[in-house]
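To keep things clear, I will list the structure first and then write my remarks on it.
Here is how names work: the chains are called A, B, and so on, in the same order as the sequence lines, proteins then strands, and each is numbered from 1. Computed from a predicted structure; not experimentally measured.
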Amino acid sequence: MNQAYPNYLNTLNNQQKEAVLHQEGPLLILAGAGSGKTKVLTTRVAHLIETKQCFSNQILCVTFTNKAANEMKERIAKLTNLNSNAVPWLGTFHSISNKILRKYAEAVGLKPSFTILDTLDQLKLIKNILAAENLDPKHNPAKFVAYQIDQWKNKALLPPEIKVSSSDFMRINALKVYKVYQERLRVMNCVDFGDLILHCITIFKNFKEIQNVFKKNFKYILVDEFQDTNFIQNLWLNLITDNHNNICVVGDDDQSIYSWRGAEVKNILDFEKNYQKTKIIKLEQNYRSTKNILNSASSLISNNEDRLGKKIWSDFNDGEKVWVNSYGDGRDEAIGVSDIIEKELINHFSINNISILVRAAFQTREFEERFIRIGLPYRVIGGTKFYERAEIKDALCYLRLIHQKSDDLAFERIINTPKRSIGDTTLQKIHEVARKNNKSLYDTSLEMLDGEELKPKTKDSLKNLIKLIQQWTKFSKNLGHVELLEKVLDESGYTTMLMNEKSPEADARLENLKELRISMKNYSNLIEFLENISLQTAIDEEWEGEKINLMTIHAAKGLEFECVFLPGWEEGMFPHQKSIEEKGDIAVQEERRLAYVAITRAKKRLFISFANNRKFFGSAKNDNNDWMPSLPSRFIDELDKTYLKINEIAEEKFNDFDFAQDLTFNQSKKSPGWQRYQEEKIKEKVKTINYTNNLTNFKIGHTVNHETFGNGKIIHIDGNKVLINFKNVGEKKVIDKYLQKIDNE
DNA sequence: TAACAACGCTTTTTT
DNA sequence: AGCGTTGTTA
């Protein structure tokens, strides 16, 4: 092309420019954290469109999350002056598969109006099948079966292709359920997340002419977060990529954090083998973080083996050192964090740019409570998904049933909500007949209204319900979906049920239903709404307003913030105990990559912290027992101290009280933490924690007692940490103040 | 059938 | 501690 570089190329460095301008053939971009990979991808798409190398609908661009997809759409729109839907085939593997499947549903025996089941529906269906197949759910937990089915689907395996060892009873039963499960889904005209991709694979394999439609159409393919794609997603890409091999993937082996979903780092290595003459470009300059943050991250990740090896560098200045703070317990940690925010950060940064990233979702709770108490606005991203809340699911199931009578799960959910005196016995009867005749619960109910099997009283309430559903169905043909929801909630008695409850939870539920009504307005009709919500993780306006962000590290992938807090860096929590137990060192390496992702989210300020004592669920044998001493994460030791400022002394506890301006900020969404807090306030449950500060000077060889671990002998002392060989639980490191000397001389 | 008590399990990470 | 599942009673 004989023209000067367009403007958008001027802001790129040489490697980035090379990646954008690369023309034909496979391209692998190894992009370090903060090296501008989104910029490269969006600019590459814009460049393809601007230079007319193809039409915008001939570009396939796959991202990992909807959030990433939306951001890319916006950025491409800005670069090209087109609207944000200029690239129609930009989305997640699941959303693009959904689009394909809606068009060719018949090829796998589905109707295009199929419903996408979420994890809860899936679990419920599996439980039903376990019951129907007389499999004991104690020996065959529905969760295991669901997990196993998912794993099989991630490997593109359908029941006939699966071989299970004859001694592996759990998997034999899981396979049995899998078969029935797929049949039931078909009858119900439903799919699960895995099916979206799996059905596409089946279609591509069985119908070459359909496969060719896509192969021929997509002139350029781009894949983001390639290190986190799994087997079936790679297969999917393979089947859709034409001989031109114009496939460009971006990935970072150090940020591979989804192996539990079947992702393999080796996909990056294999890319070169799968696609001949792959061009490789490394993006190693970081444009995000200060040197102190970047170097801390590098020192940590250097403890991993089998890395492709990149040299990430930055010409930013050193910035502040990374703080490592130690706190007495989780509550102190939350106080300490909020203190730093109020005293150090609030005057220099927008609080939208402050983020607290945790290993597991429940860890946000302590911070939520603290922020509510002192009146700092916050948002929880991810967490309990809006569409999975009970009241939202109930409402959706009414709509799902109106839309599709074969949706047994929806029918089952609403048949007795609100209470209509149609209990388990009745439902069981309907189930049996439905199974015998291979019909849906709804159709079976219709038939059973004429029969004698049901008691007259239950028959009456069932008749009423069916009559209502029929009326709503009729109504839905002529009027809007929002009005339909209102009518359904009103006439079903659902709203009345909640209003009669008069509890704070019920109020929050009514609020949530209002929220649902508002979000429905973003869709033009019922079908469009139902087709899209299943793939939506949360409501979109999340980012509005000035709020501190709380989320898991996984959810923070691809995001960046000026200030980042990383609390809970304790052995067992991070790296997580389960991951260590399940897969040992391999898993610890993945946890380490997760820690690396977490650190590299920060641009200017980073605060890592741990608590010396952590409250945890369960084992309330006595009141002291729900506190466990904890040890700093091994990842803290692995950070190069030159870049750190370590505060060994725990934050001093200060007198904590409710501020009068409590809750003056606009907390539009009622998060679970908020609800819990309200309930606790009502119960006037004030929690106080008492500490005993009488440190004892132990010596090696002393026999001591620990509240949790019992008796043992001290074999090593390191400051206030004592290594003890316990009679019952073996060697453990604990903190001295939890020990009592036993006089056995 | 509904309301209530007892029990046991939970918390990794997500499309 | 909190939630869902199971058992007991009216």
Side-chain angles (χ1 to χ4, degrees), chain A residues 62-69 91-98 116-120 122-124 127 137-138 141-143 147 150 153-154 191-198 225 228-230 232-233 256-263 357-365 381-383 385 387-388 390 416 418-427 455 457-458 461 505 534-538 551-557 568 572-583 587 590-591 593-595 597-598 614-620 623 625-627 672 675-676 679-680 683 685 687:
Chain A
V62 191
T63 63
F64 199 72
T65 60
N66 289 312
K67 205 185 287 158
T92 62
F93 279 104
H94 292 89
S95 68
I96 293 170
S97 293
N98 179 35
I116 303 169
L117 300 185
D118 67 19
T119 320
L120 289 166
Q122 243 181 84
L123 225 47
K124 179 76 181 132
K127 280 177 189 164
K138 286 226 167 67
K143 270 196 174 159
Y147 174 78
D150 204 45
K153 287 187 176 176
N154 282 337
V191 302
D192 64 15
F193 285 124
D195 280 343
L196 287 171
I197 300 177
L198 188 51
E225 309 280 11
D228 284 325
T229 56
N230 59 27
I232 195 169
Q233 291 166 338
S256 163
I257 55 175
Y258 280 91
S259 75
W260 48 276
R261 230 172 70 182
L357 311 181
V358 293
R359 173 69 244 271
F362 75 92
Q363 290 174 278
T364 59
R365 179 185 173 165
I381 293 169
K385 308 221 172 54
Y387 292 109
E388 283 176 10
N416 202 28
K419 300 254 182 296
R420 302 186 173 87
S421 291
I422 309 175
D424 278 347
T425 5
T426 312
L427 187 59
K455 281 190 219 139
K457 220 171 140 191
T458 25
S461 15
E505 293 116 304
S534 335
L535 291 173
Q536 204 112 63
T537 34
M551 69 193 93
T552 64
I553 301 169
H554 282 88
K557 193 178 142 124
M573 195 58 237
F574 198 23
H576 198 280
Q577 194 61 37
K578 277 231 168 98
S579 75
I580 302 170
E581 280 163 11
E582 274 165 27
K583 281 188 254 140
E590 175 146 322
E591 296 278 301
R593 290 195 292 271
L594 192 56
V597 169
R614 191 59 79 174
K615 197 179 183 179
F616 79 125
F617 66 84
S619 84
D623 284 346
N625 232 9
D626 43 8
W627 288 92
Q675 285 174 34
R676 277 192 299 268
E679 287 150 31
E680 279 176 23
K683 288 179 203 152
K685 217 158 113 197
K687 287 175 188 165

Determine whether the aromatic ring centres of A:F64 and A:Y258 lie less than 6.0 Å apart. yes
Residues in salt bridge (charged side-chain N to carboxylate O under 4.0 Å, His left out) contact with A:K419, at least two apart in sequence or another chain: none
Which nucleotide in the list B:dT13, B:dT14, B:dT11 gets nearest to the side chain of A:A360? B:dT13
Anything under 3.5 Å between a protein N or O and an N or O of nucleotides 1-4 of chain B, put it in a table, one pair a line.
unit_1: B:dT1; atom_1: OP1; unit_2: A:G423; atom_2: N; d: 3.2
unit_1: B:dT1; atom_1: OP1; unit_2: A:T426; atom_2: OG1; d: 2.8
unit_1: B:dT1; atom_1: OP2; unit_2: A:T425; atom_2: OG1; d: 2.0
unit_1: B:dA2; atom_1: OP1; unit_2: A:S421; atom_2: N; d: 3.3

Verdict with reasoning, A:T458 to A:S461, per side-chain hydrogen bond (donor to acceptor under 3.5 Å, both in side chains): CA-CA 5 Å; A:T458 25; A:S461 15; over 6 Å; no
Nearest to side-chain heavy atoms of A:K578, which nucleotide of B:dT15, B:dT11, B:dT13: B:dT11
What nucleic acid atoms does A:F93 come within less than 4.0 Å of, heavy atoms only: base, sugar-phosphate, or nothing? nothing
Would you say the side chain of A:N416 lies within less than 4.5 Å of the side chain of A:L427, judging by non-hydrogen atoms? no
Given that A:H576 and A:F193 both sit by DNA chain B, which one's nearest nucleotide is further toward the 5' end? A:H576
Check the distance between C:dA1's P and A:R365's CZ and give it to me in whole angstrom. 11 Å
Spacing between A:Y147 atom OH and B:dT15 atom C1', to the nearest angstrom: 15 Å
By salt bridge (charged side-chain N to carboxylate O under 4.0 Å, His left out) - contacts of A:D195 (at least two apart): A:K153
Does any part of the side chain of A:E388, heavy atoms only, come nearer than 4.5 Å to the side chain of A:L120, both counted from C-beta? yes
Between CZ of A:R614 and P of B:dT10 the distance, given in whole Å, is 21 Å
Considering every strand and a 4.0 Å limit on heavy-atom distances, what is the contact class for A:K127: base, sugar-phosphate, or nothing? sugar-phosphate
Whether A:K143 contacts B:dT11 is assessed here as follows: a side-chain N or O lying under 4.0 Å from the phosphate OP1 or OP2. Is that the case? yes
Separation of B:dT14 C1' from A:I197 CD1 (nearest whole Å): 12 Å
Residue-phosphate contact under 4.0 Å: A:T119 side-chain N/O, B:dT15 OP1/OP2: no
